[in-house]
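Remember, it's 1-based here, ligands and their atoms both numbered in the order they're listed.
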Amino acid sequence: MSPVRGREDDAPRSAPRPPSTGAAVLRFMAGSLAALLVVVLGGYFALRSVTIAEAERDTRELVRIDGQLVQAAGLSNGLKTGDRRALERLDDLVQGQVLGGSVVRVKLWTADGRILYADEPRLIGRRFVLDEEERELFETGGSEAELSELGRDENAFERGERRLLEAHTVVRLPDGTPVMFELYQRFSSVTASAERLLRALAPPLLGGLLVLLLFQTPLAWSMARRLRRGHEERERLLAAAVEASSRERRRIAADLHDGVVQDLAGVAFGLAPLADEERREGRPQRAEVVDEAVGRLRQGVRDLRALLLEIHPPTVAATGLEAAIEDLLSPLRAAGVEATLEVEDEVAAGGRHDELLYRVAREAVRNAREHAEPSRVSVTVRRTTDGGTGLRVEDDGRGFEGAERDRRRAEGHLGLPLLEELVAHAGGTTRIASWPGRGTLIEVEVPA
Ligand SMILES: Nc1ncnc2c1ncn2[C@@H]1O[C@H](COP(=O)(O)OP(=O)(O)OP(=O)(O)O)[C@@H](O)[C@H]1O
Ligand SMILES: [Mg+2]
């Protein structure tokens with residue numbers, strides 16, 4: 001069988017064991033704390049975006065009002081030509097009424113990007129490219145505000161500030177020429193108010209969540225414990241069921257052996273001389289009938305003994321793992337299947353899990369016989385690298401799909417699931433891989 005990916009069950013499997021109660025609770029608490037962190041961080045950013053939006057609105061309002069003030073009292077046509085008197089008049093108004101507080105810069109722009117006035121004289125007369133939104137403002141009117149990109153050339157003199165909000169509105173010179181009034185406001189007041197809000201909200205929020213966590217922890221603890229107990233209970237029941245079934249088999253085997261089998265053997269023994277007698281007395285036909293009856297009785301006794309072996313095989317402990325598995329293979333060989341067994345010497349000496357390995361081999365071989373129609377079956381038992389024991393049963397039969405297994409399982413056929421549970425109970429792993437049309441591989445590893 002080439003190592004093609006199996007259709008299902010290709011990964012090593014073992015029935016999941018529940019983690020220890022302490023680990024489960026720790027995991028729960030770590031999860032809760034992570035959730036707490038997400039809530040706090042999420043809260044901070046949500047608050048921040050709300051306060052930024054709020055601040056932008058306030059700044060938009062501020063630029064509109066200041067723009068009206070400047071249009072009414074500070075603008076004259078001379079600004080267009082850089083007239084000194086016009087500049088001084090506007091500067092007086094700006095320095096006196098607009099700047100100060102959180103407003104740190106004022107600029108007045110023409111539609112083609114020339115700075116007519118700024119409270120920073122070095123900017124006056126310089127030209128920069130207006131961005132899309134600013135150009136649109138000349139057509140639409142109104143006002144807008146946004147976070148400043150302090151890296152832009154026009155902001156070379158504002159870089160001393162950490163973060164600024166800039167707002168624009170369009171006003172008109174006395175001759176009707178539209179110009180853009182722009183102011184810059186400090187942003188620190190915004191973050192400060194978000195942090196203030198958060199500082200006020202965080203303690204009750206965190207406290208509440210912590211209290212919730214404290215209440216939940218004992219609950220989680222008891223749930224994890226109950227889960228674990230349930231799991232242990234299930235394992236105990238399984239072991240008890242397996243034990244009960246083999247006890248029952250032993251009883252039936254003993255009853256059959258001591259009762260019917262002995263009786264039939266006795267009858268056959270008693271009848272056998274009768275045939276000779278009849279023959280001596282010249283009644284060969286009668287002798288033949290008796291012979292046939294004796295033959296059938298003997299065959300019946302042989303069949304019964306084979307059945308006894310099947311329902312109560314000699315214990316692995318008595319015969320050794322190799323011989324016990326060899327017995328499993330003989331019916332296959334009788335049916336013309338090439339069946340091979342390879343047991344490493346180290347393992348043949350016997351180990352603690354021999355009984356389990358035998359059970360696994362028995363189920364796997366029985367499945368191959370009943371479902372696979374194989375031409376070849378091989379069983380190998382080896383020492384694993386970590387000192388445990390590995391059993392591998394491989395056939396080249398028809399294989400199966402996951403769906404087929406699920407269906408059989410739903411019908412109450414538990415051969416493979418029981419096997420997996422038993423192996424997991426012993427701390428081992430099971431791998432079941434099947435390739436429809438090509439065969440099946442069952443691999444089990446149990447620890448030392
Ligand atoms: N070696 C195999 N080759 C082909 N099909 C298999 C093989 N082993 C198992 N199967 C398929 O998987 C199904 C489930 O196997 P499982 O041993 O769990 O139950 P079962 O053999 O049908 O019944 P039970 O073992 O309870 O007598 C089988 O019915 C069969 O269809
Ligand atoms: Mg089966």
**Request:** For P417, counting its heavy atoms only, list the atoms of ligand 1 lying under 4.0 Å from any of them.
**Result:** 18 (O)

**Request:** For T384 and E445, test the side chains for any donor-to-acceptor distance below 3.5 angstrom and give the result as yes or no.
**Result:** no

**Request:** Considering heavy atoms of the protein only, find what lies nearest to atom 31 (O) of ligand 1 and give residue, atom and distance to 0.1 Å.
**Result:** E404 OE2, 2.5 Å

**Message:** Is it the case that the side chains of R296 and Q299 hold a donor-acceptor pair, with the cut-off being a distance below 3.5 Å and no angle test?
**Reply:** no

**Prompt:** Does R398, backbone or side chain, put an N or O under 3.5 Å from an N or O of ligand 1?
**Reply:** no

**Fill in**
Among S434, P436, A372, the residue with a heavy atom nearest to atom 3 (N) of ligand 1 is A372

**Request:** For residues N155 and F128, determine if any side-chain heavy atom of one lies less than 4.5 Å from a side-chain heavy atom of the other.
**Result:** no

**Message:** Among R369, H413, R407, E420, which one puts a heavy atom closest to atom 23 (O) of ligand 1?
**Reply:** H413

**Asked** With a cut-off of 2.8 Å, does E363 place any N/O/S atom under that distance from the Mg ion (ligand 2)?
**Response** yes

**Prompt:** Which protein non-hydrogen atom lies closest to atom 5 (N) of ligand 1, naming both residue and atom, and how far is it?
**Reply:** F400 CD2, 3.3 Å

**Message:** For the residue pair T169 / S143, report whether a side-chain donor-acceptor contact shorter than 3.5 Å exists.
**Reply:** no

**Item:** Residues R228, E232: salt bridge by 4.0 Å N-O rule
**Value:** yes

**Prompt:** Within the structure, does A364 bring an N/O atom to less than 3.5 angstrom of an N/O atom in ligand 1?
**Reply:** no

**Stepwise side-chain contact (heavy atoms from CB on, under 4.5 Å) test for R359 and V242** = CA-CA 11 Å; R359 269 175 205 272; V242 169; 3.2 Å; yes

**Prompt:** So which of L416, L414, T440, L418 gets nearest to atom 2 (C) of ligand 1, if we judge by its closest heavy atom?
**Reply:** T440

**Request:** For ligand 1, find out whether one of its N or O atoms is nearer than 3.5 Å to an N or O atom of E363.
**Result:** yes

**Non-hydrogen atom of G397 closer than 4.0 Å to ligand 1** = no

**Request:** Determine, step by step, whether H168 and V63 satisfy the side-chain contact (heavy atoms from CB on, under 4.5 Å) criterion, reporting the C-alpha distance in whole Å, the side-chain angles of both residues, the deciding distance to 0.1 Å, and the verdict.
**Result:** CA-CA 6 Å; H168 322 90; V63 81; 5.7 Å; no

